[in-house]
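What follows is a single structure, written as structure tokens, with notes after it.
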Amino acid sequence: MRKRLAVLTSGGDAPGMNAAVRAVVLVGTELGFDVVGVRSGYQGLLDADFVDLGPADVIDQIRQGGTMLGSARCPAFLTRAGRDAARRRLADARLDHLVVIGGNGSLTGARALTAPEERGEQQLAVAGIPASIDNDIGHTRLAIGVDTAMNTIVEACDKIADTAAAHDRAFIVEVMGRDCGYLAMATSVAAGADVVLFREAGKTVETLVGEVTDALADLRRKGRRRALIIKAEGVQVSAEGLKAKVDAALAERALAVETRVTVLGHIVRGGRPSATDRLVATRLGHAAVRALADGHRGVMASWSPGRLPEGASWSAADPRCALVDLDEVLAETARLIDVESPEARWRAQVFDQMGHVLRL
Ligand code: ADP
């Protein structure tokens with residue numbers, strides 16, 4: 001009897017998810033699995049919304065944004081009863097291998113689905129693939145979608161800088177990332193911004209307003225015609241709220257600088273995946289399916305060139321991919337968000353220092 005493998009995409013969509021689905025189907029087929037796509041994430045598991053997938057269905061998906069399987073948020077999956085129902089649907093369809101492509105929440109769901117205390121005797125092996133533009137998943141250098149999102153932000157900032165310079169304006173550009181400031185940090189450097197604001201620096205709103213106002217005064221002194229301030233979504237003040245406070249501080253110092261706000265929002269999630277996202281997604285998909293074929297049960301395939309995460313093992317399929325226990329991934333993800341992991345502290349420190357040289 002042939003082995004059977006399900007694949008789903010869940011949570012926030014990210015460019016490159018399709019490239020990962022494609023790799024799972026191609027590698028799974030090659031390794032002797034029948035591959036089944038699950039539509040609409042965990043909701044599709046509950047509804048047994050399955051579709052058979054072969055190489056012809058996915059071959060051109062490498063260049064498509066979004067996700068061909070659809071994604072959804074599924075509150076029922078947060079309950080034990082919901083996950084029991086999902087396990088029954090999988091068993092009924094003889095699906096005992098599952099690849100989950102998604103973010104922090106989706107990987108938490110994957111861990112719960114395969115937890116020994118819940119699944120009992122059911123044979124169910126799950127492998128996760130990190131996909132989130134936020135880069136907020138522990139123990140992977142990159143998640144799928146981060147690189148494309150960075151390119152989209154840089155392109156948008158280039159355009160904003162043109163119009164800002166034409167009118168001698170300061171723009172506050174807010175970028176997505178939930179509680180994680182990585183996109184703001186990295187794109188501030190790549191876009192040549194003047195100031196970057198992110199939650200992990202642990203500064204008060206008053207401090208941030210002071211930094212922005214000082215920077216604008218400095219740029220005015222230097223005769224620069226435009227200012228670009230990149231603000232992470234997770235900073236504890238909205239972009240409009242920040243503008244109001246900065247405007248008030250500028251007025252107090254009798255500085256005539258015109259400020260504007262642009263919130264990039266969901267535009268950052270869409271579009272064709274970059275070459276890096278296609279490459280990372282394909283290699284992670286390959287590593288995840290090989291891990292399942294080799295008997296791993298609850299791991300995430302991680303992009304870890306040159307550095308093996310603690311407690312992880314190298315993928316037998318790819319020397320740049322590691323296999324990390326899902327429990328360890330979730331623990332590290334929490335530490336990353338709480339700025340308690342060495343990686344989170346490193347990011348906050350490096351980009352805070354970088355902030356001082358952005359507008360030299
Ligand atoms: P992302 O995967 O992008 O972080 P979400 O946080 O919305 O997106 O999670 C996607 C889905 O994963 C949720 O709708 C839910 O079905 C499932 N999920 C999230 N958190 C948990 C949890 N603690 N336990 C079980 N399932 C979860």
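All figures in this text were calculated on a predicted structure; none of them were measured in a lab. Indexing begins at 1, ligand by ligand and atom by atom, following the structure's order. Throughout, residue positions are numbered sequentially from 1 according to the sequence presented.
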side-chain hydrogen bond (donor to acceptor under 3.5 Å, both in side chains) pairs, two or more places apart, involving residues 192-205:
Asp194-Arg226, Lys203-Glu211, Lys203-Asp352, Thr204-Thr207
Applied to residues 283-300, the side-chain hydrogen bond (donor to acceptor under 3.5 Å, both in side chains) test, sequence neighbours excluded, yields Arg283-Asp318
Do [X] and [Y] sit within salt-bridge range, that is, some charged N less than 4.0 Å from a carboxylate O?
X: Asp168; Y: Arg220; result: yes
X: Glu121; Y: Arg87; result: no
X: Arg335; Y: Glu332; result: yes

Ordered by chain then number, the protein residues lying under 4.0 Å from ligand 1 by heavy atom are Ser10, Gly11, Gly12, Tyr42, Arg73, Cys74, Phe77, Leu78, Arg83, Gly103, Asn104, Gly105, Ser106, Thr108, Gly109, Arg178
Not counting sequence neighbours, list each pair that qualifies as a ring-ring contact (aromatic ring centres under 6.0 Å, His included) and has a residue in residues 39-65.
Tyr42-Phe77
